[in-house]
Amino acid sequence: MKEYNPHEIEPRLQGEWAKADLFHVPDNDDKPKKYILEMFPYPSGDIHMGHVRNYSIGDVLARYHRMRGFDVLHPMGWDAFGLPAENAAIKHHSHPAKWTYANIETQKSSFKRMGFSYDWDRTVVACDPEYYRWGQWIFEQFWKKGLVERRNSPVNWCPSCKTVLANEQVIEGRCWRCHSEVEKRDLTQWYFKITDYAQELLDDLDQLDGWPERVKQQQANWIGRSEGAEVDFVLCDADGNAPADPTDDDIITVFTTRADTLFGCSFFVLAPEYKGLDALVAGTAYEQPVKDLVEAAKKVTAVERAQGNHEKHGAFTGRYVMNPINGQKVPVWVADYVVADYGTGAVMAVPCGDQRDFEFARKYDLPIVPIILGEDDPLYDTLKDEQNRVVTSVDWDEAYAAEGRLVQSGPYTGMVGGKHSEGEAAVVAALEEMGRGRRKVEYRLRDWLISRQRYWGNPIPAIHCEHCGTVPVPEEDLPVMLPKDIDLAAGETLATHEEFINTTCPVCGRPAKRETDTMDTFTCSSWYYMRYTDPHNDQAPFDSAKVNSWMPVDQYIGGIEHAILHLLYSRFYTKALRDLGLVDFDEPFTNLLCQGMVKDSNGETMSKSKGNVIAPEDMIAEYGADAVRTYILFMAPPDKDLQWDEEGLAGIYKFLNRVWRQVYDLVGAAGEDTLYQPANKGKEKPADAAKTLLRERHRVVGKVGDDMERDNFNTAIAAIMELSNAAGTFLHVTSAEDRAANPEWAALARDAAETIVKLLAPMAPHWADELWNTVLGHEGFLYNESWPTFDPEKAKADEVELAVQVNGKVRARITVAADAAEDDVRAAALEAVAAHTEGKQVVKAIVIPGRLVNIVVK
RNA sequence: GGGAGCGUGGCGGAAUUGGCAGACGCAGCGGACUUAAAAUCCGCCAUCUUCGGAUAUGUGGGUUCGAGUCCCACCGCUCCUACCA
């Protein structure tokens, strides 16, 4: 018998697979397709355990579906643009490309060492001009379609990364990458109008049955659809006189979901960044205090705001507006708790019903008019029929935000108030009638800010011409190449690179300047999965027929950290490309699996600073890639966090070893090395063990198939262990001679061996191929073999043990034929528990076939 | 503040539509083999027990013949998100 030696067989088989070009994927033909995709990695060094888990899951699915008879597309590439490469280049006085490509080579060899079945001919590297050329081309198609805008507005600026960030990249006020506090700046930047797709991105979440609920929920929350109304307030003087025929300049509009509370509006608040604020206070005594407030507000960081209990600050503008619903004059304040880029940047303040307004009113001694009350409120009886404003202060500690009855609210008094309430509908209808309001849907989703002030990214293909404005680079001139001669360590950037900047205008031919911003790296990852279907196309990003035949991705696997960012952007790209007529599907990823993290044995995240990182290469060196793959799938369900336990890994290594030897025994090739001396003491009869093995062989094939379809790799492996245990028992109670002499047993044993090897092939492919060739005597690789079939009839036991319960407590066990009639089972059960039912009345006996009988007595 | 999820032996976890809780594995304990150890093989392994049983899936209720699973309340933990009007 040959010893199991992963260190010898794994590299050898990897070589054989490569030589045979085993994982080459031609364009798919008439066979059904499966597109199995793992999120491509950022080449930041060698791979870590998180990668091993992610890609082991994908590889098992790819190999399984391949054996199941699908044409499987299983590609790999690199998300190769990004800031870490620039930082490394600065540190080492080198070029980002050097660091990036070196890391790609390292990771690629690690992937090969893991035995992953990628078609390396389809590799997509985001920083290759052959790829980013088409990223620029898509940008220009979006531009033509009106999905690109360049505008000046307040943006998030990361002082450490020295670039702007998209909204999605600011987490609790900090940069998603370096965790520095983000600042607000007014800058002219490039945007993708993802908000044009807000409603569809929300609606189509319903189609994504194969996505985790929490991911869909997070996206829905991020899109943040809110139904309400816009209400126009007209500027008026201190006596409450408003122009009879106000112009747009006289009107300030607010968005509200609670128009029902309009009678409780006792002041009005503008965001510090509100456009037109300067004009309102210019030349008045209020100008300086307002300016001071605006300056102070700029210093409040988003992180402080995120703490939640940040104290509100405001200043009176000296101006008033008229409440359209009751003609009352309301003072206009400016305050730092109103955000400029949601709604209109102005809010009507109703302190009795909104906690923020409440706190502000308390601080600045503004009226709190109770206009919505719970029926158990002490004020309710006094005010329930009061249409006029008679009470303008309350002794509450907080605002009343729940549903209630409207009071002091003119004709609406007595109506139910709340979100989407009767009162809200009535007030909006009245506003519409008077032309001072209209229904409005707001989204929290902002347009995607895609420009970055960094070198190592895809250049935005635009040219700024004094005469023609900002124009696209002609398609035939794409790609705009990143200049290679740049010294980042010396502080050079694209904006200082004269040779790059200076060009001619493609429209008028006069000297012009190139755009020096690059695109957000998330633009690269928004369509790479489409490029895999046609990676070498130099006429288009991809051929529509090819992309439509493989897409959408059947199973996408990656980290939950992309629940919003990458997955939302990819959905947007897909819809935009569809509307450009380039693809014919609506959603990119049919099924999504978010794998859990790999933690250390104490449940801590692995990190270099903690010094608790388990390096995949060390584990492979000790136990081999097959054991690492199988272990990482066995120890936890794929979507749960996994605590690394090296003893568990050693256990899987022993399991592979044990089954390795078992296969030799099952086919009668073990000879003197057999582990299974007959040991009949207290054992099953050989014939029973054979029967059990046959049943397990069929049951387990069915179970493993079901488990694979549901991503339950851990229970699939457990089931294979059960089959191996049944084979072990059979080997123990029979001798090699018995098995050789009995053709039925010999066939059973060989079938069991081949079945186990095939079932484990997706997890432990080198181990399986080696046994398949050398012990089982087959040519070729299991990647090309078909998955074992099973007979459900043979998976059934002919006798079953049932628990007999009396009033829900197990009192006896009976063994009956699997196909026994219900009446016979009931009779046998009653007899078995006669002692417990004596003297009592049997009310009924519930028979659950194959499970139990419950006898209810009084 | 808003949203989502999770609580099962010493540990990781299993229980597919409500049907024998603890599959499978790790650790531990005992045995075989060995001069010995490792490896390997076999067996035991929720808790208490007067050996009849009793108690057990975070806590307390409820629905049901039957609840880890469904409903309500509470406790604890994790993740996401946030002055979004």
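Here is how names work: the chains are called A, B, and so on, in the same order as the sequence lines, proteins then strands, and each is numbered from 1. This structure is a prediction, so every number in the text was calculated from the model and none was measured.
- Across A15(B) and G61(B), the matching P atoms stand 29 Å from one another, rounded to whole Å.
- When Watson-Crick and G-U wobble pairs are counted only if both distances are under 3.5 Å, A37(B) pairs with no nucleotide at all.
- Look at N221(A) and you won't find any side-chain N or O under 4.0 angstrom from OP1 or OP2 of A82(B).
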Criterion side-chain contact (heavy atoms from CB on, under 4.5 Å) on V441(A) and R225(A), from CA distance to verdict: CA-CA 7 Å; V441(A) 174; R225(A) 181 189 157 97; 3.7 Å; yes

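- Listed candidates were G25(B), C20(B), C41(B). Nearest to the side chain of M721(A) is G25(B).
- Aromatic ring orientation, F255(A) versus Y342(A): perpendicular (interplanar angle above 60°, classes split at 30° and 60°).
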side-chain contact (heavy atoms from CB on, under 4.5 Å) between K312(A) and Y364(A), intermediate numbers included: CA-CA 10 Å; K312(A) 297 163 178 51; Y364(A) 291 100; 5.9 Å; no

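- Nucleotides G76(B) and G31(B), compared at atom P, are 47 Å apart to the nearest Å.
- Taking for each of R356(A) and G808(A) the nucleotide of RNA chain B with the nearest heavy atom, the 5'-most of the two is the partner of G808(A).
- Ring geometry for W333(A) versus F360(A): interplanar angle over 60°, hence perpendicular rather than tilted (30 to 60°).
- Nucleotide G18(B) is matched to nothing when pairs are restricted to Watson-Crick or G-U wobble geometry with both distances under 3.5 angstrom.
- Ring planes of W448(A) and Y569(A): parallel class, angle under 30° (limits at 30 and 60°).
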Between protein and nucleic acid, restricted to nucleotides 29-33 of chain B and to nitrogen or oxygen atoms under 3.5 Å apart, what atom pairs and distances do you find?
none

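- The separation of C29(B) from U16(B), taken at their P atoms, amounts to 34 Å, rounded to a whole angstrom.
- For G1(B), the paired base is U81(B) (Watson-Crick or G-U wobble, both distances below 3.5 Å).
- Of the residues V628(A), V52(A), I632(A), the one that meets the side chain to side chain contact (heavy atoms under 4.5 Å, CB included) test with M619(A) is V628(A).
- In the set C83(B), U81(B), C42(B), the nucleotide with an atom closest to the side chain of D336(A) is C83(B).
- Distance noted for atom C1' between A46(B) and A56(B): 8 Å (whole Å).
- A67(B) makes up no base pair with any nucleotide shown, lacking Watson-Crick or G-U wobble contacts both under 3.5 Å.
- Under the 30°/60° scheme for interplanar angles, the aromatic rings of H566(A) and H562(A) are found to stand perpendicular.
- Using C1' as the reference atom, U8(B) and C44(B) are 22 Å apart when rounded to the nearest Å.
- Classified by interplanar angle (parallel below 30°, tilted 30° to 60°, perpendicular above 60°), the ring pair Y653(A)/Y623(A) is perpendicular.
- Within the nucleic acid shown, Q643(A) has no heavy atom closer than 4.0 Å to any nucleic acid atom.
- Of the residues in residues 340-352 of chain A, those with a non-hydrogen atom less than 4.0 angstrom from any atom of RNA chain B are Y342(A), V347(A).
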